[in-house]
Amino acid sequence: MTLGAQVQQDAVVHVLGVRFHTLTRQQVVEQLLHWIDEKTRRMVITAGPEFVMQTQKDEELRHIAHVADLVTPDGIGVVWAANRKKKVVQERVTGVELVQELLNTAEQRHQPLRVFLLGASESSLKACLRRFRKDYPLCEFAGRNGYFRERDLPEIMGQIESFAPHVWLVGLGQPKQEKLIYHWLGSLPPCVAIGVGGSIDVWGGTVKRAPAAFRKLNLEWLYRLLKQPSRWRRQLALPRFVWHVLRKAGHDT
Ligand code: UDP
């Protein structure tokens, strides 16, 4: 995974050691389409505070974040931390919106993309594939649910290889999806791999995204907590993240 010429080295900001690219969503879309044209293997991470906190105690994940071609700020906490000294990040670039914008742009430009989705339950995946096939008729979609055994992976990779996608979306949750992409991308034909977390559930309609009012107030995390109280333990990463950022104030690490 090598950093593309278009992603300039100075268009980055570090948050607790993780290097984020400061591109807008549309700029990221252009970059992805360029990589697709180039036919190279690329890895994209959409990272929020929870991911950043995972990298603090997981050396392999830190390495993966370091070699990824693009790391986007997915989470208001990351935008806040990145912009504390100087406003460098203009907007959140979430997996849900990034992929929709990529597919919209490809359709508008009559660029038929082949997209493989790996992740989520069978029912979410089916609903998502139905919706994508209807909304993006020029593109071609295939998928496999995310509940498989380790030993099934070679067979799954064979399925992806024969589909030869331009875009490989992996929605297994973090950090599982990033580790899987890191270990398997090299064995697939060139494609752009994006870790999309629970986005397949959102596209399929089995999980609702926070209403616009919550998103506008940057309270999407609160909505998710109210809808799925079982997430509280995971969401403790948020205050821990804020505390770490404040503690490291003054250092660009
Ligand atoms: N998932 C999966 N296989 C697994 C574990 C999880 O496909 O072994 C899926 C799960 O169904 C959900 C997604 O991974 O669609 C994780 O969603 P979550 O909201 O936890 O991810 P986030 O967006 O917070 O990273």
Side-chain angles (χ1 to χ4, degrees), residues 15 18 20 25 43-58 61 64-65 68 70-79 92-100 115-132 141-153 155-157 159-160 168-184 193-210 214-215 218-241:
V15 174
V18 177
F20 282 88
R25 190 166 62 228
M43 173 177 188
V44 179
I45 299 178
T46 59
E50 214 178 310
F51 179 86
V52 173
M53 291 317 290
Q54 286 170 351
T55 64
Q56 306 300 298
K57 45 186 187 331
D58 184 335
L61 195 61
I64 295 172
L70 202 53
V71 182
T72 75
D74 178 355
I76 196 60
V78 170
V79 175
R92 281 176 73 191
V93 181
T94 68
V96 171
E97 288 157 342
L98 175 61
V99 170
Q100 282 181 305
V115 181
F116 193 99
L117 294 91
L118 176 64
S121 65
E122 186 64 18
S123 57
S124 273
L125 176 70
K126 284 260 162 66
C128 176
L129 288 171
R130 249 195 321 273
R131 173 170 171 209
F132 275 5
F141 299 94
R144 174 103 178 210
N145 76 57
Y147 293 86
F148 47 80
R149 291 160 301 186
E150 191 72 23
R151 65 170 186 270
D152 297 330
L153 272 168
E155 188 257 310
I156 293 173
M157 292 302 146
Q159 189 188 348
I160 301 173
W168 177 31
L169 304 177
V170 188
L172 302 171
Q174 288 174 323
K176 197 173 176 184
Q177 61 199 26
E178 283 73 24
K179 292 190 177 184
L180 188 133
I181 292 172
Y182 179 70
H183 289 290
W184 289 93
I194 312 175
V196 294
S199 303
I200 296 171
D201 300 322
V202 176
W203 296 320
T206 45
V207 169
K208 295 270 172 284
R209 223 175 146 203
F214 277 80
R215 277 187 272 157
N218 293 324
L219 291 174
E220 188 159 13
W221 59 271
L222 176 63
Y223 178 82
R224 292 186 88 179
L225 185 60
L226 294 173
K227 289 299 257 193
Q228 292 170 269
S230 58
R231 292 178 75 96
W232 74 268
R233 198 183 291 278
R234 284 179 52 177
Q235 291 210 341
L236 285 179
L238 277 168
R240 281 185 23 244
F241 170 82

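For clarity, every value in this text was computed on a predicted model and none was experimentally measured. Numbering of ligands and ligand atoms starts at 1, following listing order.
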K.L.:
Without swapping roles, check the side chain of Thr55 against the backbone of Ala65 for a donor-acceptor pair under 3.5 Å.
P.N.:
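No, Thr55 side chain to Ala65 backbone: no donor-acceptor pair under 3.5 Å.
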K.L.:
Got a salt bridge between Glu122 and Lys126, using NZ or NE/NH1/NH2 to carboxylate O under 4.0 Å?
P.N.:
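Answer for the salt bridge query: yes.
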K.L.:
If you measure from each heavy atom of Asp201 to ligand 1, is any distance below 4.0 Å?
P.N.:
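Contact present.
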K.L.:
Just heavy atoms, cut-off under 4.0 Å: does Arg234 contact ligand 1 by side chain, backbone, both, or neither?
P.N.:
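Side chain only.
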K.L.:
Would you mind checking which non-hydrogen protein atom is closest to atom 6 (C) of ligand 1, with the distance to 0.1 Å?
P.N.:
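Scanning the protein heavy atoms, the shortest distance from atom 6 (C) of ligand 1 goes to Tyr147 OH, 3.3 Å.
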K.L.:
Return yes when Arg224 approaches ligand 1 closer than 4.0 angstrom through a heavy atom, no otherwise.
P.N.:
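Heavy atoms of Arg224 do come under 4.0 Å of ligand 1.
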K.L.:
What's the separation between atom CG in Leu125 and atom CG in Asn145, rounded to the nearest 0.5 Å?
P.N.:
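With rounding to 0.5 Å, CG (Leu125) is 6.5 Å from CG (Asn145).
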K.L.:
Within a radius of less than 6.0 Å around CH2 of Trp221, do more than 12 heavy atoms belonging to other residues, nucleotides or ligands occur?
P.N.:
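No - once you tally the heavy atoms of other residues, nucleotides and ligands closer than 6.0 Å, there are 12 at most.
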K.L.:
Within a distance under 4.0 Å of any heavy atom of Gly119, pick out the atoms of ligand 1 and give their elements.
P.N.:
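Contacts of ligand 1 toward Gly119, numbered from 1: 7 (O).
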K.L.:
Taking distance alone, with no angle check, do Ser199 and ligand 1 share an N/O pair under 3.5 Å?
P.N.:
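Looking only at distances, the answer is no, because the N/O contact criterion of under 3.5 Å is not met.
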K.L.:
Which option out of Cys128, Ala120, Gly204 puts a heavy atom nearest to atom 7 (O) of ligand 1?
P.N.:
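Shortest heavy-atom distance from atom 7 (O) of ligand 1: Ala120.
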K.L.:
Can you find an N/O atom of Gly197 closer than 3.5 Å to an N/O atom of ligand 1?
P.N.:
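No; every N/O pair is 3.5 Å or more apart.
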K.L.:
Just jot down the ligand 1 atoms closer than 4.0 angstrom to any heavy atom of Lys176, in number order.
P.N.:
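Listed by number with element: 4 (C), 8 (O).
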K.L.:
Considering distance alone, does some N or O of Val196 sit under 3.5 Å from an N or O of ligand 1?
P.N.:
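Not met; the criterion fails.
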K.L.:
Under a 4.0 angstrom heavy-atom cut-off, which atoms of ligand 1 come close to Gly171?
P.N.:
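Listed by number with element: 7 (O), 9 (C), 13 (C), 14 (O).
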K.L.:
Run the salt-bridge test on Arg209 and Glu97 with the 4.0 Å N-O cut-off and return the result as yes or no.
P.N.:
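Judged by the 4.0 Å cut-off on N to carboxylate O distance, Arg209 and Glu97 do form a salt bridge.
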K.L.:
Is there side-chain contact between Val15 and Phe241, with at least one heavy-atom pair below 4.5 Å?
P.N.:
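With C-beta onward as the side chain, the pair touches.
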K.L.:
Assess whether a salt bridge exists between Glu155 and Arg144, defined as any Lys/Arg side-chain N lying under 4.0 Å from an Asp/Glu carboxylate O.
P.N.:
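Looking at Arg144 together with Glu155, the answer is yes, because their closest N to O distance falls below 4.0 Å.
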K.L.:
Do Ser124 and Asp201 have side-chain atoms, one donor and one acceptor, less than 3.5 Å apart?
P.N.:
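A pair is found: one side chain offers a donor N or O, the other an acceptor, under 3.5 Å apart.
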